[in-house]
Number of protein chains: 2
Amino acid sequence: MKTRAPQKRRLQTRARLLSEAEKIVTTQGYSALRVEDVVAQAGVAKGTLFSHFKDKDGLLAVLIGARVMEDLEQMEALPTPRSVDDLIQKLEPCLSFVAQDRVIFDVLLRYSGSTGSEVNEVVTESFVRQITLFARWLGQMQKVQKIRSDAPAEVLAEGIQAFLNHVLALWFCAEHANDDSPAKALTPLLQVWLKPLD
Amino acid sequence: MKTRAPQKRRLQTRARLLSEAEKIVTTQGYSALRVEDVVAQAGVAKGTLFSHFKDKDGLLAVLIGARVMEDLEQMEALPTPRSVDDLIQKLEPCLSFVAQDRVIFDVLLRYSGSTGSEVNEVVTESFVRQITLFARWLGQMQKVQKIRSDAPAEVLAEGIQAFLNHVLALWFCAEHANDDSPAKALTPLLQVWLKPLD
DNA sequence: AAATTAAATTGACCGTGGTCAATATATCTG
DNA sequence: CAGATATATTGACCACGGTCAATTTAATTT
């Protein structure tokens with residue numbers, strides 16, 4: 001199978017698509033992004049976009065993945081949470097980023113499973129990174145008896161992701177009417193999930 | 001505000017739409033449902049469908065909600081689970097119904113939050129019913145020391161929903177390649193979630 | 001440099017969900 | 001019954017994502 005390296009024209013085109021898409025997203029929000037606008041601003045034909053990204057979600061996934069990466073960078077620089085409340089507080093930026101727009105949630109959910117096998121997507125990468133960070137934090141919290149130690153940190157980390165998605169799902173259903181913030185709903189669940197056994 | 005009762009022509013039309021939609025769904029699956037096919041078979045114009053249902057998902061929600069209701073009916077007739085494994089086994093039919101098609105999952109997730117306030121949707125109703133059933137089961141399991149009692153049964157029930165959605169999300173990401181079934185992935189999570197503190 | 005092959009881009013075209021002013025049908029009122 | 005008024009349905013039309021044979025541009029070979 002012959003596959004040459006992509007030529008630089010292609011890389012430039014891709015870069016232009018991404019930068020124009022990002023412009024739109026920052027000014028009008030993720031859900032306002034239209035494929036036709038992106039290609040118009042980038043000065044390419046519509047088909048070009050779909051030769052660079054599987055579909056619209058694929059493009060969004062790159063943008064969102066990059067954004068999540070930044071949040072993770074911040075989080076990784078933080079010290080290990082001292083308590084469950086502290087943990088939730090440190091989760092908050094990530095949470096409120098996703099909470100801002102339903103399409104962010106949808107895109108992340110659609111890619112959240114891919115276990116980094118081969119698909120070189122930024123989103124996928126961001127997920128393994130997130131779960132790794134959680135597991136590291138939880139492992140350290142276990143050592144100092146802040147949380148339960150009767151389950152592997154990896155399982156506890158997976159649970160956190162599950163609860164994050166859960167409160168976000170509720171958040172979008174409620175049309176922002178009921179709870180004042182997703183983080184509020186998270187507290188009781190994580191308290192129980194991480195509660196030390198004695 | 002004047003609002004008369006719907007006249008019977010309207011009820012008939014709605015019934016025809018639903019029954020034709022159901023036909024399509026049972027023969028070709030949920031994701032194969034096309035609005036144009038439904039209205040063609042029902043012998044009405046496209047606009048009519050959207051005067052009866054908010055959008056395509058609204059129609060699907062009625063079908064799916066009804067289907068979930070049947071599953072719940074079965075489950076309610078069952079005795080309280082004796083163990084976590086037994087619980088998972090009893091959850092299985094519901095789980096594998098949703099696992100069969102991504103659009104089922106999407107629709108359910110989109111409506112899963114609405115706390116039955118006013119929207120007279122079958123899906124919404126099915127959700128309160130599900131959480132009620134879970135809470136009843138868990139409450140009884142708590143009494144006989146099968147599971148932890150340091151958290152309200154309602155919170156534990158909510159957690160089950162979160163984990164159900166979590167394993168389903170993973171299931172659809174993996175394209176059915178990795179795990180053999182969503183129920184498998186559920187076991188370790190629920191074991192930890194419901195573990196008695198002894 | 002011409003010929004050959006592969007990569008990149010194009011844009012007309014399609015499928016499908018959803019809208020809405022116009023029309024038809026039913027119900028009510030004097 | 002003849003308007004008057006509310007309800008139900010219509011279907012042409014639009015928005016938007018996505019496809020693919022054809023074309024252009026770049027890299028390789030002779």
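Chain letters run A, B, ... following the sequence lines, proteins first, then strands; residues in each count from 1. Since this is a predicted model, take the numbers as computed values, not measurements.
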Problem set entry | Atom CD of Gln89(B) with >12 non-hydrogen neighbours under 6.0 angstrom | no
Exercise. To the nearest Å, how far apart are Arg14(B) CZ and dT7(D) P?
Worked result: 17 Å
Seminar exercise, completed: Whole-Å distance, Asp106(B) CG to dG17(C) C1', equals 16 Å
Problem set entry | Rounded distance in Å - CZ (Arg4(B)) to P (dA8(D)) | 9 Å
Exercise. Which listed nucleotide (dT9(C), dG11(D), dA8(D)) is nearest to the side chain of Arg10(B)?
Worked result: dA8(D)
Exercise. Gln7(A) has an atom CD; how far is it from atom P of dT28(D), in whole Å?
Worked result: 9 Å
Problem set entry | Over 12 non-hydrogen atoms of neighbours within 6.0 angstrom of CZ in Arg82(A) | no
Exercise. Just wondering, are more than 12 heavy atoms of other shown residues or ligands nearer than 6.0 Å to NZ in Lys56(A)?
Worked result: yes
Exercise. Does Asp106(A) come within less than 4.0 Å of Arg110(B), counting only side-chain N to carboxylate O?
Worked result: yes
Exercise. Thinking salt bridges, do Glu76(A) and Arg136(A) make one under a 4.0 Å N-O criterion?
Worked result: no
Problem set entry | Thr13(A) side-chain N/O to dA8(C) phosphate OP1/OP2 under 4.0 Å | no
For this session: Would you tell me whether Gln142(A) and Ser149(A) have side-chain atoms, one donor and one acceptor, within less than 3.5 Å of each other?
Result: no
Exercise. Expressed in angstrom and rounded to an integer, what is the separation of Lys8(B) atom NZ from dT25(C) atom P?
Worked result: 16 Å
Problem set entry | Spacing between Gln12(B) atom CD and dA26(C) atom P, to the nearest angstrom | 11 Å
Exercise. What is the distance, rounded to the nearest whole Å, between atom CG of Leu49(B) and atom P of dG17(C)?
Worked result: 10 Å
Problem set entry | OP1 or OP2 of dT9(C) under 4.0 Å from side-chain N/O of His52(A) | yes
Problem set entry | Of residues 18-26 of chain B, the positions that come close to DNA chain C - non-hydrogen atoms, cut-off under 4.0 Å | none
Problem set entry | Geometric cation-pi criterion, Arg67(A) with Phe97(A): 6.0 Å, 45° | yes
Seminar exercise, completed: By salt bridge (Lys or Arg N to Asp or Glu O under 4.0 Å), Glu158(B) pairs with (sequence neighbours left out) none
For this session: Would you give a per-nucleotide map of nucleotides 13-24 of chain D, 5' to 3', where B means the base has a protein non-hydrogen atom under 4.0 Å away, S means only the sugar-phosphate does, and - means neither?
Result: ---SBBBB----
Problem set entry | Crowding at CD, Gln191(B) (>12 non-hydrogen neighbours, <6.0 Å) | yes
